[in-house]
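Below you'll find the structure, written out as structure tokens, and then a few comments.
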Amino acid sequence: MDSLKVHNSLKPGPPVPFVPMEPGKVSWYACGPTVYDKSHLGHARNYVASDIIRRIMMHYFGFNVKYVMNMTDVDDKIIIKARRQRLLDLEKKKQYSEDELRNLGLAAFRAYASKNLPLLTKDTSQLDETNYTTQRDAAYGPVLSGGTLTGEGKPGDDEAKIKMHVGNMDAAAEALKQNAIFPGADEVLLPYLDSLHKETIDTSDQSIFTDLTKRMEAVFLEDMDNLNVLRPDVITRVTEYMPQIAKFVEQIVDKGFAYEAEGSVYFDIAAFQKAGNTYARLRPDSKNDKALQEEGEGSLSTNLGGKRGAGDFALWKKSKAGEPYWPSKWGDGRPGWHIECSVMASDVLGSRMDVHSGGVDLAFPHHDNELAQSEAYFCQHGKGEHTWVNYFLHMGHLSISGSKMSKSLKNFQTISDALATTYTARSMRIVFLMGRWNDGVEISPDMRSKADNWETTISNFFTNAKSWIREAGVGGGVKSLSINQDTPATGLLADLELAKKEVEAALTNSFDTPRAMLVLLKLVNTVNTFVMNNKDVDLAHVEAIARWITKMVGVFGLDSNATPPYDGLGWASSVAADIDPKKAIQPYAEVLHTVKAEVSKLSLSSDTLSNLLSQDPFKEFESIVSSGTRDVEELSLPYIQVVSQIRDELRRIVASQTAEKKKTILAISDRIRDVDLTNLGVYLADRLDNQPSLIKFIPAAELIRAREEKAAREAEKAQKKEEARIAREKAEQEAKEKAKIPPEEMFKKDERYSAWDESGMPTKMKDGSDVPKSQLKSLKKMWEKQKKVHEELKAKGGL
């Protein structure tokens, strides 16, 4: 096997060799979510990508991975959201007059506009719901139409933020119009109430915050389970580490790399660098970016006093009124954002780790500050820089219309909503597998189409391969074929060996899953073409290929029912260990019983049919049960085979039956295929030349959906046919009524004319002038045509 190489953010450029500290073992810390709201597709991109890499490390390369993830349950976003919601809840319990409530809503409306949409008006005191729309369109019309603030380039985060704020203002304006401040104006009331009353909240009751974080952590973990993301080996929470965090900060101070100022503690970047250490290893170009520095400090900690260096960042923050707090030697406070991960990761994994991962937007300042403070903590003066992380893996973020998906921008779709409406866990993972883990991904219709095509092709191959193998009776559980190294592999075996080498080359090249996915697709297409063009196919070779592809899709996490070492064939069935085999096959046995009863009533003359009607598959079923399997497909197969054989025999003899029996047989045959078995997730593929139907197990939901779509198409076709018939009959009736009119009378009621000759042809226009000769010519043709149809109708007795 080639040696694994990975993209390491600590060493920009091509992938570098991956050499864990302990052979065969990988220690990994992943930055988890800040649990203050539901997770969105941007989170899915990060954690599914990490899961794919983790699975490849474990189940392809064989590493023993210890995977640690934190839950950030103390953070400015959490504090703000929980506190604001508490204040809003309290406000809704107050007794207000209509005027007082309107004044509250209007004040919040104006304050929100002043802070977030400064182009609306210079004088927000005059802004209200009556003039808001006009001023909004004048100030931000181009952005709302899909343009940019500057009129140049493509819209990005700034434009997404404007749209979010406008959306909140739109809702509040409508609430003011309807005099329904609650809940219509909630989004503008939340920050307004916080600005007025935040210091009144008693934060000694930390349930204000923990109720929110516990609830959102549970939602996050459920989302990850639904996405088939493996649970972390260890989950850490900030609130469970407060004493350790305070001690960690103390040691950094004691080593001279941090200082206290006004009750807070800051990391001293200058002192750290003076001691020979490197700051901003990951993003050196960003270390003086003031906006990113402020973002890293959090919205509650901007403009902090006492800092020696502009880039110095908080390790411990003095808690202000309205913020949660914990004891420390510097007084009541709370941890800075970055210190949390340093303490928790080091507590579980020690002074060094192999891998640290997170979204690419965390590289600076979060990860750079993590590195600095951790290396400062473990630094031994005079012994050089300490290495805290060997490999930093940064997952590319997900974009929507050029803007990063973000909770704060409210331009996201939650994972739960996406799984309920747009994706399955498998289809979402396929989309992510088709992009490099360290590249940004913007989901497009073309990407979705390619992903859907990939999934359909692989699914159909699994279904067909199992059907071919089952029909031929060669499914002997081949897990791999030993290739004679002295004899070059040929045919499908050569294709399999080449595919294995190409996948290995892709995965060792920093987990290049897009390349690996293309290799799998190419191999399946090759097999399909080979089987189509060759009558004599060694199905053991097909089985070996199908089992290898099964292993790879298992490694990629595309089958939530599969478990390592993924040695099955195709997508795994959901098998419960305590399944009752007799109950499991009861629906299939009932179908067989119904079919036998109906066919017996027909009294058909067929020895083959008589033998089939007398067959009892129970003994074969018992034999399968005794083998220990609890796979419903295998358990039900004896019953399905008899049903399929009965149907095949009915189709063989139907041509020789009376018209009445023929109609009944065809109806039974169609119902068995389209209803009885479809509802159980079984599809019978009819074949020519009296070949037996091919039994395919396909999810019942897919078959039922296909049946309903077919019925809808047929209903639409029938409706169009009926509409055409009605239109045709109407046209015929109109033509008949028109034909009843004698040609001598056809122009008499036309008000354009005032005189006619003896044959009924117009001679004078309404104004007394002669009918133009050019018009007479066309009128004569119409007259002659009418005469013909009138006489034809008269000859048929229609008059």
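- Every residue two or more places apart in sequence or in another chain that forms a salt bridge (charged side-chain N to carboxylate O under 4.0 Å, His left out) with Glu22 is listed here: Lys25.
- Annotation: the span from Phe556 atom CZ to Ile52 atom CD1 amounts to 8.0 Å, rounded to 0.5 Å.
- Rounded to the nearest 0.5 Å, atoms CD1 (Ile443) and CE (Met428) are 7.5 Å apart.
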### Task
Before giving the answer on side chain to side chain contact (heavy atoms under 4.5 Å, CB included), spell out for Arg283 and Val360 the whole-Å C-alpha distance, their side-chain angles and the decisive distance to 0.1 Å.
CA-CA 11 Å; Arg283 295 289 188 272; Val360 67; 3.5 Å; yes
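- Every side-chain contact (heavy atoms from CB on, under 4.5 Å) that Pro514 has, sequence neighbours left out, goes to Arg436, Asp512.
- Side-chain atoms of Arg426 do not come within 3.5 Å of backbone N or O of Glu455 as any donor-acceptor pair.
- A donor-acceptor pair under 3.5 Å is absent between the side-chain atoms of Arg55 and the main chain of Ser50, judged by distance alone.
- For Thr457, there are no side-chain hydrogen bond (donor to acceptor under 3.5 Å, both in side chains) partners, not counting sequence neighbours.
- The ring-ring contact (aromatic ring centres under 6.0 Å, His included) check on Trp454 picks up nothing, with sequence neighbours excluded.
- Remark: Lys38 does not engage Asp417 in a salt bridge, criterion side-chain N to carboxylate O under 4.0 Å.
- When only modelled atom types and interatomic distance are considered, Ser459 and Trp571 share a side-chain donor-acceptor pair under 3.5 Å.
- Looking at Met517, Arg515, Met552 one by one, the single match for side-chain contact (heavy atoms from CB on, under 4.5 Å) with Val503 turns out to be Met552.
- Partners of Tyr29 by ring-ring contact (aromatic ring centres under 6.0 Å, His included), not counting sequence neighbours, listed by chain and number: His356.
- The side-chain hydrogen bond (donor to acceptor under 3.5 Å, both in side chains) search around Asp538 returns His541, not counting sequence neighbours.
- Side-chain atoms of Ser427 never come within 3.5 Å of backbone atoms of Tyr423 as a donor-acceptor pair (strictly under, hydrogens ignored).
- A distance-only check finds no donor-acceptor pair linking the side chain of Arg45 to the backbone of Val441 [under 3.5 Å].
- In this structure, CE on Met58 lies 9.0 Å from CG on Asp51, to the nearest 0.5 angstrom.
- Taking every heavy atom of both residues into account, Gly147 and Glu159 meet most closely at O-CG, 3.6 Å.
- Contact check for Leu520 versus Val524: no side-chain heavy atoms found under the 4.5 Å cut-off.
- Checked by atom type and distance alone, the side chain of Arg429 pairs as donor or acceptor with a backbone atom of Gly557 at under 3.5 Å.
- Checked by atom type and distance alone, the side chain of Ser627 pairs as donor or acceptor with a backbone atom of Ile624 at under 3.5 Å.
- Taking the side chain as every heavy atom from C-beta outward, Asp559 and Tyr566 never approach each other to under 4.5 Å.
- Among all heavy-atom pairs drawn from Leu703 and Gly681, the shortest one is CD1-C, 3.7 Å.
- Judged as a salt bridge (charged side-chain N to carboxylate O under 4.0 Å, His left out), the pairs with a partner in residues 216-225 (not counting sequence neighbours) are, in order, Glu217-Arg237, Asp225-Arg231.
- Note on ring orientation: taking the six-membered ring where Trp is involved, the planes of His40 and His43 are tilted (angle from 30° to 60°).
- For Glu634, there are no salt bridge (charged side-chain N to carboxylate O under 4.0 Å, His left out) partners, not counting sequence neighbours.
- Looking at Tyr60 and Phe511, their side chains never come closer than 4.5 Å, going by heavy atoms from C-beta outward.
- Taking the ring-ring contact (aromatic ring centres under 6.0 Å, His included) definition, one finds that Tyr683 meets it with nothing, sequence neighbours left out.
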### Task
Show the numbers, then the answer: is there a side chain to side chain contact (heavy atoms under 4.5 Å, CB included) between Trp468 and Leu694?
CA-CA 8 Å; Trp468 298 330; Leu694 203 57; 4.0 Å; yes
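- Listed by chain and number, the residues in a side-chain contact (heavy atoms from CB on, under 4.5 Å) with Thr550 are Phe462 (sequence neighbours excluded).
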### Query
Can Trp28 and Ile53 be said to form a side chain to side chain contact (heavy atoms under 4.5 Å, CB included), step by step?
CA-CA 11 Å; Trp28 184 339; Ile53 295 174; 3.8 Å; yes
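- For the pair Met344 and Glu340, the minimum side-chain heavy-atom distance is below 4.5 Å.
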### Query
Phe18 and Phe63: ring pair (Phe, Tyr, Trp, His ring centres under 6.0 Å), yes or no, with the steps?
CA-CA 12 Å; Phe18 181 74; Phe63 288 111; 5.7 Å; yes
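- Contact detail for Phe432 and Leu41: the closest heavy-atom pair is CZ-O, 4.2 Å.
- Minimum interatomic distance between Ala584 and Val632 (heavy atoms only, all atoms of both residues): CB-CG2, 4.3 Å.
- Remark: Ser644 OG to Leu637 CG distance equals 9.5 Å, nearest 0.5 Å.
- Using modelled atom types, no side-chain atom of Asp686 and backbone atom of Ser693 make a donor-acceptor pair closer than 3.5 Å.
- Nearest heavy atom pair, residue Phe697 against residue Ser636, reads CE2-OG, 3.8 Å.
- Between Met57 atom CE and Leu507 atom CG the span is 11.5 Å, to the nearest 0.5 Å.
- Judged purely by atom type and a 3.5 angstrom limit, Arg54 uses its side chain to pair as donor or acceptor with the backbone of Leu230.
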### Test side chain to side chain contact (heavy atoms under 4.5 Å, CB included) applied to Val6 and Val355, step by step
CA-CA 11 Å; Val6 301; Val355 176; over 6 Å; no
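- With hydrogens and angles disregarded, no donor-acceptor distance shorter than 3.5 Å links the side chain of Thr148 to the backbone of Lys154.
- The CD1 atom of Ile458 sits 8.5 Å away from atom CG of Leu523, with the distance rounded to the nearest 0.5 Å.
- The heavy-atom pair separating Thr72 from Asn70 by the smallest distance is OG1-ND2, 2.9 Å.
- Salt bridge Glu543/Arg547: present, at least one basic N to carboxylate O contact under 4.0 Å.
- Listed for the Ser467 side chain is a donor-acceptor partner under 3.5 Å among the backbone atoms of Thr463.
- Qualifying ring-ring contact (aromatic ring centres under 6.0 Å, His included) partners for His394, counting only residues two or more places apart in sequence or in other chains: His367, Phe392.
- By the salt bridge (charged side-chain N to carboxylate O under 4.0 Å, His left out) test, Lys551 pairs with no residue at all, sequence neighbours left out.
- Under the 3.5 Å distance criterion, with hydrogens and angles disregarded, a donor-acceptor pair is assigned to the side chains of Asn464 and Lys696.
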